Novice: 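Quick one: structure below, then a few questions.
Note that the coordinates shown come from a computational prediction; the quantities given were computed from them, not determined experimentally.
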Amino acid sequence: TVQTSASGTEAGGEAKTAADSLHSFTTGQLIALVSDSDALLKKLPGFMADNVERCLGAATCSLLQLSDGMLESRLSLKQRLPGLGSIISTQLSQDCLQQLEQARAVPRLYRHTNREVPTQASAYVGQVLRPLHSSLEEHTGVADRYRHQWSSDALQKICQRYHAIVSDVLVTVKKAEDSLQRLKRTRRSLTPGASPAAGGSGGSMSDEDKIRVQLSLDVQLFGKEMEKLDLKPKDIPAFQDLKALVDSANASVSS
């Protein structure tokens, strides 16, 4: 029992070491590894039939052993491809996350600046998915099913991060809005008969609502950018959560 436990622990440690070592490979190297593995899996059955069986003859003991070994090897290799794909999608998403951080700067564009109500998305949105698109374009020889799965998984991770950032911004905006309203109420209570201040040159919409509108426009464009990767936004659950978040915030905007 002790030997079995030790053996299992050792095997688990080796597996973990092997998995950790894959993270040191570049995205391009991992994609090439998947592509080569996929090609090998397709060729092995034909190699057995056209070469091994012809040399050894049918129904020999050696042929049966080789067939079993080949089948086991193919299965083992095939089972490792999803793990490689997970690492690839994570690396692809990491290359895009840096641009997303610019969403945190949106409030600074509208607070006390009298800027007009936004009508178009922020410039950074068009850059977010460019690393993902470029990486996939560099490896067009990979089977479409892999490219689609990697893109989908990467976008799920990217949208989850985008949701977290936008949620933080909206919470901060709401706190600032509530604080300002309390301050205005206090001032009005100290100066009875005073009328609310008129809107600035940027229009009657509050700065906080302009921020909400801008975030909504950004997410709308982000959805269109996703479609350039041949993916439908409705098929990415995290994007649906993100869109629901900004739509809910935007619903309270007073024009």
Novice: Can you tell me how far the CG atom of Leu132 sits from the CE atom of Met226, to the nearest 0.5 Å?
Specialist: 10.0 Å
Novice: Does Asp230 form a side chain to side chain contact (heavy atoms under 4.5 Å, CB included) with His148? I'd like the steps, not just the answer.
Specialist: CA-CA 8 Å; Asp230 296 326; His148 184 275; 5.8 Å; no
Novice: Under the 3.5 angstrom rule, does the side chain of Gln156 hit a backbone N or O of Ala238 as a donor-acceptor pair?
Specialist: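 Yes.
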Novice: Any heavy-atom pair between the side chains of Leu129 and His133 that's under 4.5 Å?
Specialist: no
Novice: Below 4.5 Å, heavy atoms only, C-beta onward: do Ser152 and Ile236 meet side chain to side chain?
Specialist: yes
Novice: Taking Glu101 for the side chain and Gln98 for the main chain, is one N or O donor matched with an acceptor at less than 3.5 Å?
Specialist: no
Novice: Side chains of Val142 and Trp150, heavy atoms from C-beta outward: is any pair under 4.5 Å?
Specialist: yes
Novice: Between Lys174 and Asp178, does at least one N-O distance fall below 4.0 Å, as a salt bridge requires?
Specialist: yes
Novice: Between Ser93 (side chain) and Thr90 (backbone), is there a donor-acceptor pair under 3.5 Å?
Specialist: yes
Novice: Out of curiosity, Ile211 CD1 to Ser216 OG, how far, rounded to the nearest 0.5 Å?
Specialist: 13.5 Å
Novice: How many angstroms lie between CG in Leu170 and CD1 in Ile165, if you round to the nearest 0.5 Å?
Specialist: 12.0 Å
Novice: Could you tell me the separation between the CZ atom of Phe222 and the SG atom of Cys159, rounded to the nearest 0.5 Å?
Specialist: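 Interatomic distance, Phe222 CZ to Cys159 SG, rounded to 0.5 Å: 4.5 Å.
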Novice: Look up atom CZ in Arg130 and atom CD in Gln99, then write down how far apart they are to the nearest 0.5 Å.
Specialist: 9.0 Å
Novice: Under the 3.5 angstrom rule, does the side chain of Ser35 hit a backbone N or O of Ile31 as a donor-acceptor pair?
Specialist: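 No, because the side chain of Ser35 does not come within donor-acceptor range (under 3.5 Å) of the backbone of Ile31.
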Novice: Are the side chain of Ser252 and the backbone N or O of Ala249 linked by a donor-acceptor pair below 3.5 Å?
Specialist: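 A pair under 3.5 Å: yes.
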Novice: Is a donor on one side and an acceptor on the other found under 3.5 Å between the side chain of Ser248 and the backbone of Leu245?
Specialist: no
Novice: Go through it in stages, so that I can follow the logic: the residues are Arg111 and Val173, the test is side chain to side chain contact (heavy atoms under 4.5 Å, CB included), and I'd like the CA-CA distance, side-chain angles, deciding distance and then a yes or no.
Specialist: CA-CA 10 Å; Arg111 283 204 178 107; Val173 167; 3.9 Å; yes
Novice: Pair Phe25, Ile87 - check side chain to side chain contact (heavy atoms under 4.5 Å, CB included), show working.
Specialist: CA-CA 10 Å; Phe25 285 75; Ile87 297 173; over 6 Å; no
Novice: Determine yes or no for a side-chain-to-main-chain donor-acceptor pair under 3.5 angstrom, with Asp207 supplying the side chain and His112 the backbone.
Specialist: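 Judged by distance alone, yes, a pair lies under 3.5 Å.
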Novice: Could you walk me through whether Glu227 and Lys224 pass the salt bridge (Lys or Arg N to Asp or Glu O under 4.0 Å) check?
Specialist: CA-CA 5 Å; Glu227 293 176 351; Lys224 294 178 181 178; over 6 Å; no
Novice: Does the side chain of Leu215 come within less than 4.5 Å of Asn250's, by heavy atoms?
Specialist: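 No, side chains not in contact.
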Novice: Would you say that Leu81 contacts Leu41 through its side chain, given a criterion of any heavy-atom pair below 4.5 Å between the two side chains?
Specialist: yes
Novice: Verify, without hydrogens or angle tests, whether Gln214 (side chain) and Pro118 (backbone) share a donor-acceptor contact under 3.5 angstrom.
Specialist: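 The answer is no, because no donor-acceptor pair under 3.5 Å joins these two groups.
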Novice: Does this structure show an ion pair linking Arg212 with Asp209, if we count only N-O contacts that are shorter than 4.0 Å?
Specialist: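 Salt bridge between Arg212 and Asp209, a charged N being under 4.0 Å from a carboxylate O: yes.
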Novice: Considering residues, nucleotides and ligands other than Gln240, do more than 12 of their heavy atoms fall under 6.0 Å from its CD?
Specialist: yes
Novice: Compare all side-chain heavy atoms of Leu217 with those of Leu221 and state whether any distance is below 4.5 angstrom.
Specialist: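 The answer is no, as the side chains (C-beta and beyond) never meet within the 4.5 Å cut-off.
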Novice: Look only at the side chain of Ser151 and the backbone of Arg147, and say whether a donor-acceptor pair between them is shorter than 3.5 Å.
Specialist: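 Checking the backbone N and O of Arg147 against the side chain of Ser151, a donor-acceptor pair under 3.5 Å is found.
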Novice: If you look at every heavy atom in Arg115 and Leu109, which pair is closest and at what distance?
Specialist: CD-O, 2.6 Å
Novice: As a quick check of understanding, evaluate side chain to side chain contact (heavy atoms under 4.5 Å, CB included) for Phe239 and Val219, giving each step before the final call.
Specialist: CA-CA 9 Å; Phe239 179 78; Val219 171; 3.9 Å; yes
Novice: Do other residues, nucleotides or ligands put more than 12 heavy atoms under 6.0 Å from Arg145 CZ?
Specialist: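 Buried by this count: over 12 neighbours within 6.0 Å.
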Novice: Taking the basic N atoms (NZ, or NE/NH1/NH2) and the acidic carboxylate oxygens, is any pair closer than 4.0 Å for Asp38 and Lys42?
Specialist: yes
Novice: In the structure I gave you, are the side-chain heavy atoms of Val166 and Val169 within less than 4.5 Å of one another anywhere?
Specialist: no
Novice: At what distance, to the nearest 0.5 angstrom, does CE of Met205 lie from OH of Tyr110?
Specialist: 10.5 Å
Novice: Is the side chain of Asp95 donor-acceptor paired with the backbone N or O of Pro131 at a distance under 3.5 Å, no angle test?
Specialist: no
